[in-house]
Amino acid sequence: QVQVVESGGGLVETGGSLRLSCTVSGLSFADYAMGWFRQAPGKEREGVATITSGAGSTYYYDSVKGRFTISQDKAKNTLYLQMNTLKPEDTAMYYCAADRRCSRLWDGYGDYWGQGTQVTVSS
């Protein structure tokens, strides 16, 4: 019953921007921490950013600090990832995930995952 759907990926030049969206149905943002993760071909999946279910505190992995911003619209049950100053190394499939424990999500574990949206940054 829980559905997680990402959108907004595409092709962009180095230094450009994109905004990803993740629409979730079947669960409430009040009960789950949310996050963005990514995986490039032949590489291990890595974390991008997370946001807590309570105060909405945000946390970023080192590779995207200062460039990406995670946010959520609770009324629309939608998670966003604003990506600025994109680099070729940001090229990956981006996934949206939810978990009741923020610590678990930070470590890469999630109760629910979307199918991903592709982001490609040309050099």
If hydrophobic clusters are built from ILVMFWY residues whose side chains come within less than 4.5 Å, do V121 and M83 share one? yes
Minimum heavy-atom separation for S53 and A30, please, with both atom names. CB-O, 3.7 Å
How many angstroms lie between CH2 in W36 and CG in L81, if you round to the nearest 0.5 Å? 6.0 Å
About how many Å separate CG of N77 and CD of Q3, when rounded to the nearest 0.5 Å? 12.0 Å
Tightest non-hydrogen contact, residues Q72 and L79, listed as CB-CD1, 4.1 Å
Mind listing the closest non-hydrogen atom pair of A97 and L105 along with its distance? CB-CD1, 3.9 Å
Donor-acceptor pair, distance only, cut-off 3.5 Å: does the side chain of T50 make one with the backbone of G35? no
Does any part of the side chain of F68, heavy atoms only, come nearer than 4.5 Å to the side chain of L86, both counted from C-beta? yes
When hydrophobic residues are tied together by side-chain contacts of less than 4.5 Å, even through go-betweens, does W106 share a cluster with Y32? no
Sequence neighbours excluded, the answer for salt bridge (Lys or Arg N to Asp or Glu O under 4.0 Å) partners of D90 is R38, R67
Closest approach of I70 to Y60 (non-hydrogen atoms, all atoms of both residues): N-OH, 2.9 Å
Is it the case that the side chain of D73 and the backbone of T78 share a donor-acceptor pair, with hydrogens and angles ignored and the cut-off at 3.5 Å? no
The side-chain contact (heavy atoms from CB on, under 4.5 Å) partner of V119 among T91, L20, L11 is L20
Measuring from S123:OG to K87:NZ, what's the distance to the nearest 0.5 Å? 14.0 Å
Please lay out, stage by stage, how R104 and D107 fare under the test salt bridge (Lys or Arg N to Asp or Glu O under 4.0 Å). CA-CA 5 Å; R104 234 177 72 92; D107 289 337; over 6 Å; no
Same hydrophobic cluster for V64 and I51, using side-chain heavy-atom links shorter than 4.5 Å among ILVMFWY? yes
Interatomic distance, OG1@T69 vs CG@N84, rounded to 0.5 Å, equals 6.5 Å
Measuring from L18:CG to Y94:OH, what's the distance to the nearest 0.5 Å? 9.0 Å
Taking E6 for its side chain and Q115 for its backbone only, find out whether a donor-acceptor pair lies under 3.5 Å. yes
Is it true that the NZ or CZ of R45 lies under 6.0 Å from the centre of W113's six-membered ring and within 45 degrees of the ring axis? yes
Could you report the tightest heavy-atom contact between F37 and G47, atom names first, then the distance? CD2-CA, 3.4 Å
Any side-chain heavy atom of Y109 sitting closer than 4.5 Å to one from R101? no
Closest non-hydrogen atoms of C96 and M34, given as atom of the first, atom of the second and distance, are SG-CE, 3.8 Å
Look up atom CD in Q118 and atom CE in M93, then write down how far apart they are to the nearest 0.5 Å. 5.0 Å
According to a hydrophobic-cluster definition based on side-chain heavy atoms being under 4.5 Å apart (Ile, Leu, Val, Met, Phe, Trp, Tyr only), do V48 and V4 belong together? yes
Does Y61 share a hydrophobic cluster with Y59, counting links as ILVMFWY side-chain heavy atoms below 4.5 Å and allowing steps through other members? yes
Please tell me if the side chains of D99 and Y112 come closer than 4.5 Å, counting only heavy atoms from C-beta onward. no
Do R100 and D111 have side-chain heavy atoms sitting under 4.5 Å apart? yes
If you apply the rule side-chain contact (heavy atoms from CB on, under 4.5 Å), what do you find for Q82 with S17, and how did you get there? CA-CA 8 Å; Q82 178 65 48; S17 300; 4.0 Å; yes
